[in-house]
Amino acid sequence: MLRRRIIAITCSVATFLALGMAFGTYGVSTSSMTPTVAPNEAVLANHWSYQLSTKSLSPFVVRSFVPHHSLWQWSYPQRGDVVVFAFPGYRDEVSPQHAEVWLKRVVACAGDTVTIRGDSLIVNNTCVRTLPRRSITPGGEAYITFPKGALFTLRNYGPLRVPQRGDTLRLDATTAWEAWATFIAREHHSVNANGHTIDGAPASHYVVERDYAFCLGDNDAESIDSRVIGPIAYENIFGRLTAVLRWPFQSAEPQS
């Protein structure tokens with residue numbers, strides 16, 4: 001009898017810990033994902049949808065303090081997935097000033113070509129979504145969007161091929177170096193855009209080492225997303241939306 005009780009308790013504790021590692025709750029403070037998720041709501045994300053990572057192995061009580069590192073990837077985000085990912089930093093930042101978790105929707109995957117023209121989101125020459133109408137276009141958008149120097153705006157964006165492992169980026173002009181220097185540095189290289197070197201060696205091209213997704217907020221008019229911060233490496237996407245928790249919630253991990 002005692003042995004059965006010990007086994008039952010052990011199994012219960014193991015199940016509780018497994019669920020605590022597999023799922024995480026995140027508070028949303030902005031309107032970037034309305035109407036899917038409203039401000040002050042929370043989401044439940046499955047941390048084991050795509051990969052095993054340091055966050056998916058961490059108990060929920062300490063997860064906020066654990067940096068994200070991908071350990072084993074077995075699946076990849078698909079178009080339409082609402083995902084949580086480690087914020088990579090703004091366009092010209094190699095790494096973020098603060099560790100944050102963001103929630104966005106994948107609209108294009110590695111190798112896709114994404115274009116936005118007015119209210120139309122176009123992927124691989126097919127209109128896949130009509131964006132909410134936007135009455136006012138803020139000034140200066142062309143100087144904050146990714147990649148630097150392309151002068152895209154939030155509603156006149158692309159075409160941009162979402163980087164895929166094995167793609168070759170031509171670095172045959174100063175503008176190309178300005179556009180891609182931070183992206184290359186995020187792939188763990190030392191880049192001198194003025195000297196046109198990568199890891200100390202002269203370079204005229206760069207071969208992409210990771211696969212990426214292009215992510216937008218459902219309320220794109222109020223969203224900072226891949227149009228500004230750039231594409232998101234698959235390995236930085238560590239969870240997929242499972243459910244929206246409809247009650248006031250505040251998280252230790254900020255999201256946009």
Side-chain angles (χ1 to χ4, degrees), residues 17-78 80-91 93-107 109 146 182 186 188 210-220 222-256:
L17 291 176
L19 290 174
M21 290 187 290
F23 294 93
T25 55
Y26 299 92
V28 176
S29 59
T30 75
S31 60
S32 69
M33 282 300 293
T34 56
T36 305
V37 186
N40 299 319
E41 290 184 334
V43 297
L44 182 69
N46 185 344
H47 288 164
W48 292 354
S49 292
Y50 309 118
Q51 61 174 286
L52 198 65
S53 71
T54 50
K55 280 190 177 291
S56 65
L57 287 177
S58 304
F60 61 90
V61 291
V62 297
R63 184 176 295 135
S64 299
F65 308 101
V66 176
H68 168 74
H69 295 291
S70 180
L71 303 174
W72 179 25
Q73 186 119 25
W74 54 69
S75 183
Y76 302 96
Q78 303 296 313
D81 288 357
V82 177
V83 298
V84 292
F85 59 88
F87 171 56
Y90 290 101
R91 184 192 66 184
E93 294 178 335
V94 176
S95 57
Q97 295 183 15
H98 305 285
E100 299 179 7
V101 174
W102 282 27
L103 177 79
K104 303 293 177 186
R105 185 180 299 274
V106 175
V107 299
C109 297
F146 175 91
T182 300
R186 286 180 181 176
H188 311 299
R210 299 187 290 181
D211 289 319
Y212 291 80
F214 197 90
C215 300
L216 292 182
D218 285 355
N219 179 16
D220 81 299
E222 301 294 335
S223 176
I224 298 173
D225 44 45
S226 285
R227 296 169 297 178
V228 174
I229 65 177
I232 308 302
Y234 282 2
E235 66 184 51
N236 285 348
I237 299 173
F238 60 85
R240 182 172 61 188
L241 177 70
T242 299
V244 179
L245 308 177
R246 308 276 183 192
W247 69 74
F249 185 87
Q250 208 166 18
S251 172
E253 299 187 60
Q255 289 187 286
S256 179

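Just so it is clear, the model here is predicted, and its values are computed rather than measured.
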| note | Rounded to the nearest 0.5 angstrom, the OH-CH2 distance for Tyr26 and Trp102 is 16.0 Å

| request: Report the distance from atom CZ of Phe85 to atom CD1 of Ile232, rounding to the nearest 0.5 Å. | output: 4.0 Å

| request: In sequence, state the C-alpha distance, the side-chain angles, and the governing distance for Arg227 and Phe214, and then conclude on side-chain contact (heavy atoms from CB on, under 4.5 Å). | output: CA-CA 8 Å; Arg227 296 169 297 178; Phe214 197 90; 3.9 Å; yes

| Okay, side chain of Asp220, backbone of Gly217: is any donor-acceptor separation there less than 3.5 Å? | no

| task | Please name all residues satisfying salt bridge (charged side-chain N to carboxylate O under 4.0 Å, His left out) with Arg186, sequence neighbours left out, ordered by chain then number. | result | none

| request: Find the distance between CD1 (Ile229) and CZ (Phe146) and round it off to the nearest 0.5 Å. | output: 10.5 Å

| Are Phe238 and Ser49 close enough, and set up right, to give a side-chain contact (heavy atoms from CB on, under 4.5 Å), and what steps lead you there? | CA-CA 8 Å; Phe238 60 85; Ser49 292; over 6 Å; no

| Just checking, any donor-acceptor pair under 3.5 angstrom between side chains of Ser226 and Lys104? | no

| field | Stepwise side-chain contact (heavy atoms from CB on, under 4.5 Å) check, Glu41 with Met33 | value | CA-CA 11 Å; Glu41 290 184 334; Met33 282 300 293; over 6 Å; no

| note | Minimal heavy-atom distance between Ile237 and Gln51, with the atoms involved, is O-NE2, 2.8 Å

| request: Give, for atom OG1 of Thr30 and atom CD of Glu222, the distance between the pair rounded to the nearest 0.5 Å. | output: 9.0 Å

| field | Option from Val83, Asp218, Val82 for which side-chain contact (heavy atoms from CB on, under 4.5 Å) with Leu103 holds | value | Val82

| remark: Between Ala213 and Val106, the two heavy atoms sitting closest are CB-CG1, 4.1 Å

| request: Locate the shortest heavy-atom distance separating Val43 from Val28; write the atom from each residue and the value. | output: CG1-CG2, 4.5 Å

| message | side-chain contact (heavy atoms from CB on, under 4.5 Å) for Leu245 and Thr25? Distances and angles first, verdict last. | response | CA-CA 9 Å; Leu245 308 177; Thr25 55; 3.8 Å; yes

| request: Looking only at non-hydrogen atoms, find the nearest pair between Tyr212 and Ala233 and report the distance. | output: CD2-N, 3.3 Å

| task | Compute whether any side-chain donor of one residue and acceptor of the other, for Asn219 and Ser32, lie under 3.5 angstrom apart. | result | no

| message | Rounded to the nearest 0.5 Å, what separates atom OH in Tyr50 from atom CH2 in Trp74? | response | 12.5 Å

| said: Is there a side-chain contact between Tyr76 and Cys109 in this structure, where contact means two heavy atoms from C-beta onward sitting under 4.5 Å apart? | reply: no

| said: Would you compute the distance between atom CZ of Arg105 and atom CG of Asp225 and round it to the nearest 0.5 angstrom? | reply: 12.5 Å

| message | Could you report the tightest heavy-atom contact between Arg91 and Val228, atom names first, then the distance? | response | CB-O, 3.1 Å

